[in-house]
Amino acid sequence: MQDFLNSSAVEMARAVREKKISATELVRAHLERIAALNPKLNAVVQIAAERALEEARKADDALARGEVRGPLHGVPFTLKDAIETAGIISTGGTAGRRGFVPAEDATVVKRLRAAGGILLGKTNCPEFGWAWESDNLTYGRTNNPYDLSLSPGGSSGGESAIIASGGSPFGLGSDAGGSVRFPAHCTGIASIKPTSGRVPRTGHFPGPGGTLDAIWQIGPLARYVEDLNLILRIVSGPDWRDAAIVPMPLGDPVQVDLKKLRVAFFTHNGIVAPTEEIAGVIRKAAVELSNEVVQVDEARPPAIEQTYAIYLKLFSADGGEGLEGLIKSAGTTEVHPLMKRVLEIQRANAATMAEFSALVARWDAFKSSMLSFMRGYDAILSPVCSFPGMVHGSTYQRLPSFSYTMTYNLTGWPAGVVRGGTASNGLPIGVQIAARPWREDVALAIAQRLETTMGGTVQPPT
């Protein structure tokens, strides 16, 4: 059973179809792993054990009749608590929703379940997803399986922690500034933020819409790159409810010819320098790719050093009024200290309407400059963050360090992460791979190659 717990979701699905293991055995094994590790990690905050086992029995019965429900038949998964699930408490990390039970699954959940997936439970996140770590007043903080004194990152940190530990083969998170990529970096797994407009966010809390709608997406996290490809195919495409979703074809990374790709890389974004170990991993990844692609250049987009200034002002322009309204609408009367700090930052950076109009124009110019740079390249390699690991409670002491991921929220481009190495303190180091709009296949093809050449996921000591 240990081998199956360390397998990819693709391999698990194949094993269930070939009757090498039953869905019931697979689900029970994951529930047992969660029970063993969750007291240390505090990653899974709602466990749907009875329902999951019942669905697994139905999956086994269907298979006995020769029926395969879909590519995930009998495979378990978890979800960030911001993604709503019918019949299971979904708090979004805020105390006002402590007992909130949705009547309907989010679109992405419906699609995973229709493909045969079995939901194990919900994972921890910060309040409203507004932090690069996972801590809230309802469930407390989540710990990193590589070092329990550290955070696994955020806002999809509960997902990253339980996936890295083998309690779930894959899950979904959401990313408005790095929230599926930074946790993957912290825990040594893989993830991808899809192109803005790829995956419907209907049923996510907070929901889609508004001035900053194009900045965020729902994306998968997994131990293996091949699972990112599978899950992305299942959850993508219009649902006729999220108005931002575009019916764009999704390419297959298997069909990408690496020998034709042109790749740029940089180790310093002009805002915060990474540790030398992180810079070394990015250089090593570039060297590994140089034998596979037609061109690798050390080159940094000329506008990229504007990332943090634009991002901070966009999220603070209303002086916190929007966030305060969201808090009130959720029925929350007391917020987490991290949320209090968010509001302080927003109030200090409020903009007039004229300033906001100029900011949007600056954002448009930024996107244009980035796109012009990308005319010469198919992908960009860079750090995920300037440091490995995350001290609990330190998000708003180190905000500029997250600018490496913020860049691709501002552009809306797809950006994936795969483990590229290990720091001297034993913590994982991720490599970020950004690609042109709608070319998730290119990002995943490069991630797959780096996973093969640089070792990929490693089981954490926990």
Side-chain angles (χ1 to χ4, degrees), residues 1-38 43-44 47-79 108-109 111-121 123 145 159-172 187-191 220-235 252-254 418-419 444 447-448 451-452 455-460 462:
M1 184 57 67
Q2 184 73 16
D3 290 340
F4 283 116
L5 283 174
N6 294 329
S7 298
S8 69
V10 170
E11 292 168 339
M12 289 180 194
R14 184 182 303 116
V16 171
R17 289 195 302 271
E18 294 175 356
K19 300 183 179 179
K20 294 178 180 178
I21 187 172
S22 70
T24 301
E25 291 171 321
L26 193 59
V27 166
R28 183 173 288 116
H30 281 92
L31 289 171
E32 289 173 355
R33 175 67 66 89
I34 291 170
L37 295 181
N38 208 47
V44 184
I47 301 175
E50 186 175 330
R51 190 176 91 170
L53 287 168
E54 178 60 26
E55 290 182 5
R57 286 189 286 271
K58 289 179 180 178
D60 290 332
D61 291 343
L63 195 60
R65 298 191 300 268
E67 300 170 8
V68 177
R69 190 175 183 187
L72 291 174
H73 188 102
V75 178
F77 67 95
T78 44
L79 291 167
V108 289
V109 183
R111 290 176 175 178
L112 290 175
R113 297 183 68 194
I118 297 173
L119 177 61
L120 294 172
T123 55
E159 276 302 304
S160 68
I162 202 62
I163 291 168
S165 303
S168 172
F170 75 90
L172 291 176
T187 59
I189 61 172
S191 70
L221 303 93
R223 290 189 296 275
Y224 300 95
V225 173
E226 68 174 347
D227 291 341
L228 302 181
N229 181 37
L230 173 62
I231 303 311
L232 197 54
R233 293 185 173 284
I234 292 170
V235 300
D252 186 350
V254 175
V418 67
R419 181 172 182 156
L444 290 174
Q448 183 70 72
E451 180 180 81
T452 300
T457 189
V458 176
Q459 194 169 30
T462 308

What are the two closest non-hydrogen atoms of [X] and [Y], and how far apart are they?
X: His73; Y: Ala62; result: CE1-CB, 4.1 Å
X: Arg17; Y: Val68; result: CD-CG1, 4.1 Å
X: Pro220; Y: Leu232; result: CD-CD1, 4.4 Å
X: Val225; Y: Ala190; result: CG2-CB, 4.2 Å
X: Ile21; Y: Phe4; result: CD1-CD1, 3.8 Å
X: Thr187; Y: Pro145; result: CG2-CD, 4.1 Å

Quick check: does any side chain N or O of [X] sit under 3.5 Å from a backbone N or O of [Y], one acting as donor and the other as acceptor?
X: Arg33; Y: Gly167; answer: no
X: Asp60; Y: Ser22; answer: no
X: Arg223; Y: Ser168; answer: yes
X: Asn229; Y: Leu444; answer: no

Item to check | Chi angles and distances behind the side chain to side chain contact (heavy atoms under 4.5 Å, CB included) call for Thr123, Leu79 | outcome: CA-CA 6 Å; Thr123 55; Leu79 291 167; 5.8 Å; no
Checklist entry - Residues two or more places apart in sequence or in another chain: which of them pass salt bridge (charged side-chain N to carboxylate O under 4.0 Å, His left out) with Glu32? => result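 Salt bridge (charged side-chain N to carboxylate O under 4.0 Å, His left out) check on Glu32 returns nothing, list empty.
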Item to check | salt bridge (charged side-chain N to carboxylate O under 4.0 Å, His left out) partners for Lys58, two or more places apart | outcome: none
Checklist entry - Given the rule in the side chain to side chain contact (heavy atoms under 4.5 Å, CB included) test, do Glu226 and Glu11 qualify, once you have shown the distances and angles that lead to the verdict? => result CA-CA 10 Å; Glu226 68 174 347; Glu11 292 168 339; 4.2 Å; yes
Next on the checklist: Run Glu25 and Arg28 through salt bridge (charged side-chain N to carboxylate O under 4.0 Å, His left out) and show every step you take.
Outcome noted: CA-CA 5 Å; Glu25 291 171 321; Arg28 183 173 288 116; over 6 Å; no
Next on the checklist: Is there a side chain to side chain contact (heavy atoms under 4.5 Å, CB included) between Ile118 and Leu26? Walk through the geometry before answering.
Outcome noted: CA-CA 10 Å; Ile118 297 173; Leu26 193 59; over 6 Å; no
Atom [atom1] in [X], atom [atom2] in [Y]: separation rounded to 0.5 Å?
X: Arg69; Y: Glu55; atom1: CZ; atom2: CD; value: 7.5 Å
X: Ile162; Y: Leu120; atom1: CD1; atom2: CG; value: 9.0 Å
X: Lys19; Y: Leu63; atom1: NZ; atom2: CG; value: 5.0 Å

Could you check if a side-chain atom of [X] sits within less than 4.5 angstrom of a side-chain atom of [Y], using non-hydrogen atoms only?
X: Leu172; Y: Leu112; answer: yes
X: Pro76; Y: Pro169; answer: yes
X: Pro71; Y: Ile234; answer: yes
X: Gln448; Y: Thr452; answer: yes
X: Arg233; Y: Asp252; answer: yes
X: Asp227; Y: Val10; answer: yes
X: Arg419; Y: Thr457; answer: no
X: Ile189; Y: Leu221; answer: yes

Next on the checklist: Going by ring-ring contact (aromatic ring centres under 6.0 Å, His included), name the residues that satisfy it together with Phe77, two or more places apart in sequence or in a different chain.
Outcome noted: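 Applying ring-ring contact (aromatic ring centres under 6.0 Å, His included) to Phe77 gives Phe170.
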Checklist entry - Is it the case that more than 12 heavy atoms not belonging to Glu50 sit under 6.0 Å from its CD atom? => result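 No, because the 6.0 Å sphere around CD of Glu50 holds 12 heavy atoms or fewer from other groups.
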